[in-house]
*Asks:* 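First, the structure itself, so that you have it in front of you.
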Amino acid sequence: MKYCTHCGAELHENQVICVKCGCMVQSGTPAAPQMPKKRSMNVGMLIFSIVNLLLCCQPLGIIATLFTALATDAKSDEEEHKKLRTAKILNIIGIIGAVVIWTAYIVFAVLLELGLETY
Amino acid sequence: MKQTKKQTVWRITVGVCAPLLLALGVWYLYAVGEGPGCFFWRLTGIYCPGCGTGRATVALLHGRVLLALRQNALAVLLLPVVCYYALKRYLAFVLWQDVLPFVRVGRRTAFAFLLLVCLFWIARNLPFPFLQPI
């Protein structure tokens, strides 16, 4: 079997121009077929999602973890970027929501305590 | 890469404020003895995978590891990883270089973790009390 030296597409033995990329096929060692790019896990986003999952908003944390894991399967850099961005937005919403609720809770608890001491 | 004055000021601010905020949080948990509680549990009556993390941290601060594991085993096991990663990012931000290594995490590990969280979530809502916080 012959492969295009430029894009790695499969070619017939007598083919001189690749129908996929239009390049002239060079004689000599054939190039290996192009494999999809293996993407590494964004550990930062994964840990961000775990913190969101355990401490802030469980449903959003689960979806964010899922998006972070699925970003490794993205076919293009743009798709990976989109998935990680979605995970980031979900984590930010979860964490800001939790911080707002916790702060309000602590402020009300302190105010209530002060109020009880006054009267 | 040369740092601008603004970046240096920002780095010093974060470098000083982050440990102070952490110390404030730790002091709050140590002195008060409990976090604000889980809102998911208050709304639904169902224990979430994070329920008991505050109480587990308090137990750890008082040196009671077994009680901490009883409160939330998953959070106690994940706490060192999260703390190490936070320290790594903090040092990378403050020192302008990544000095601490970290393991590569694969897709399978991430999905296995999600499965573990879901199983833990289900298990602690079953009528066996050993995974529920006290």
Side-chain angles (χ1 to χ4, degrees), chain A residues 36-75 79-80 83-84 86-88 90-91 93-113, chain B residues 21 24-25 28-29 32 34-44 46-54 56-57 72-89 92-93 98 100-118 120-121:
Chain A
K37 190 177 160 189
K38 201 179 176 186
R39 292 164 199 282
S40 56
M41 178 74 65
N42 187 323
V43 182
M45 194 58 74
L46 188 67
I47 293 203
F48 196 10
S49 306
I50 290 172
V51 170
N52 186 16
L53 173 59
L54 289 186
L55 297 180
C56 304
C57 184
Q58 293 74 33
L60 291 183
I62 285 185
I63 301 168
T65 312
L66 209 58
F67 266 98
T68 312
L70 288 174
T72 54
D73 276 350
K75 287 180 180 64
E79 194 187 334
E80 185 191 19
K83 283 181 176 165
L84 289 175
T86 311
K88 190 179 177 181
L90 292 173
N91 286 334
I93 293 171
I95 286 172
I96 288 179
V99 168
V100 167
I101 291 171
W102 286 352
T103 310
Y105 178 89
I106 292 168
V107 167
F108 276 118
V110 169
L111 286 177
L112 205 65
E113 194 73 20
Chain B
L21 273 174
L24 188 71
Y28 175 85
L29 281 177
V32 177
E34 62 176 9
C38 179
F39 287 89
F40 185 82
W41 179 75
R42 282 185 194 181
L43 283 173
T44 60
I46 297 170
Y47 290 113
C48 81
C51 274
T53 308
T57 315
N72 192 326
L74 183 69
V76 172
L77 296 175
L78 282 173
L79 201 64
V81 182
V82 174
C83 287
Y84 177 79
Y85 189 78
L87 179 70
K88 173 185 157 71
R89 290 299 292 263
F93 186 83
D98 205 0
L100 295 177
F102 200 83
V103 288
R104 280 175 72 89
V105 181
R107 188 171 161 268
R108 279 187 188 175
T109 317
F111 281 119
F113 169 75
L114 263 183
L115 184 69
L116 177 74
V117 169
C118 292
F120 183 68
W121 197 344

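Naming: A, B, ... by sequence-line order, numbering from 1 per chain. Keep in mind it's a predicted model, so treat the numbers as computed, not measured.
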*Asks:* Does any non-hydrogen side-chain atom of Leu78(B) lie less than 4.5 Å from one of Phe113(B)?
*Replies:*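 They are in side-chain contact.
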
*Asks:* Tell me, for Val117(B) versus chain A, whether the close heavy atoms (under 4.5 Å) come from the side chain, the backbone, both or neither.
*Replies:*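 Just its side chain gets close to chain A.
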
*Asks:* Could you check if a side-chain atom of Val81(B) sits within less than 4.5 angstrom of a side-chain atom of Phe102(B), using non-hydrogen atoms only?
*Replies:*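 They are in contact (side-chain heavy atoms under 4.5 Å apart), so the answer is yes.
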
*Asks:* Quick check for you: among Asp73(A), Leu66(A), Thr68(A), Leu70(A), which has the greatest number of heavy-atom pairs under 4.5 Å with chain B?
*Replies:*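 Most heavy-atom pairs under 4.5 Å with chain B: Asp73(A).
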
*Asks:* Ile46(B) versus Trp41(B): any side-chain heavy-atom pair under 4.5 Å?
*Replies:*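 They are not in side-chain contact.
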
*Asks:* Given that the side chain runs from C-beta out, which part of Ile62(A) has a heavy atom under 4.5 Å from chain B: side chain, backbone, both or neither?
*Replies:*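 Ile62(A) touches chain B through backbone and side-chain heavy atoms alike.
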
*Asks:* What part of Arg108(B) gets within 4.5 angstrom of chain A, counting heavy atoms only: side chain, backbone, both, or neither?
*Replies:*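 Nothing of Arg108(B), per the 4.5 Å heavy-atom cut-off to chain A.
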
*Asks:* Test your reading of the model: is there a side-chain donor-acceptor pair from Asn91(A) to the backbone of Ala87(A), 3.5 Å cut-off?
*Replies:*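 Answer holds: yes.
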
*Asks:* Using heavy-atom distances under 4.5 Å, tell me whether Val51(A) contacts chain B through its side chain, its backbone, both, or neither.
*Replies:*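 The side chain, not the backbone.
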
*Asks:* Examine whether an atom of Arg104(B) lies under 4.5 Å from a heavy atom of chain A, and if so say whether it belongs to the side chain, the backbone or both; otherwise answer neither.
*Replies:*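 Only the side chain of Arg104(B) comes within 4.5 Å of chain A.
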
*Asks:* Look at atom NZ of Lys88(A) and say whether more than 12 heavy atoms of other residues, nucleotides or ligands are closer to it than 6.0 Å.
*Replies:*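 No - once you tally the heavy atoms of other residues, nucleotides and ligands closer than 6.0 Å, there are 12 at most.
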
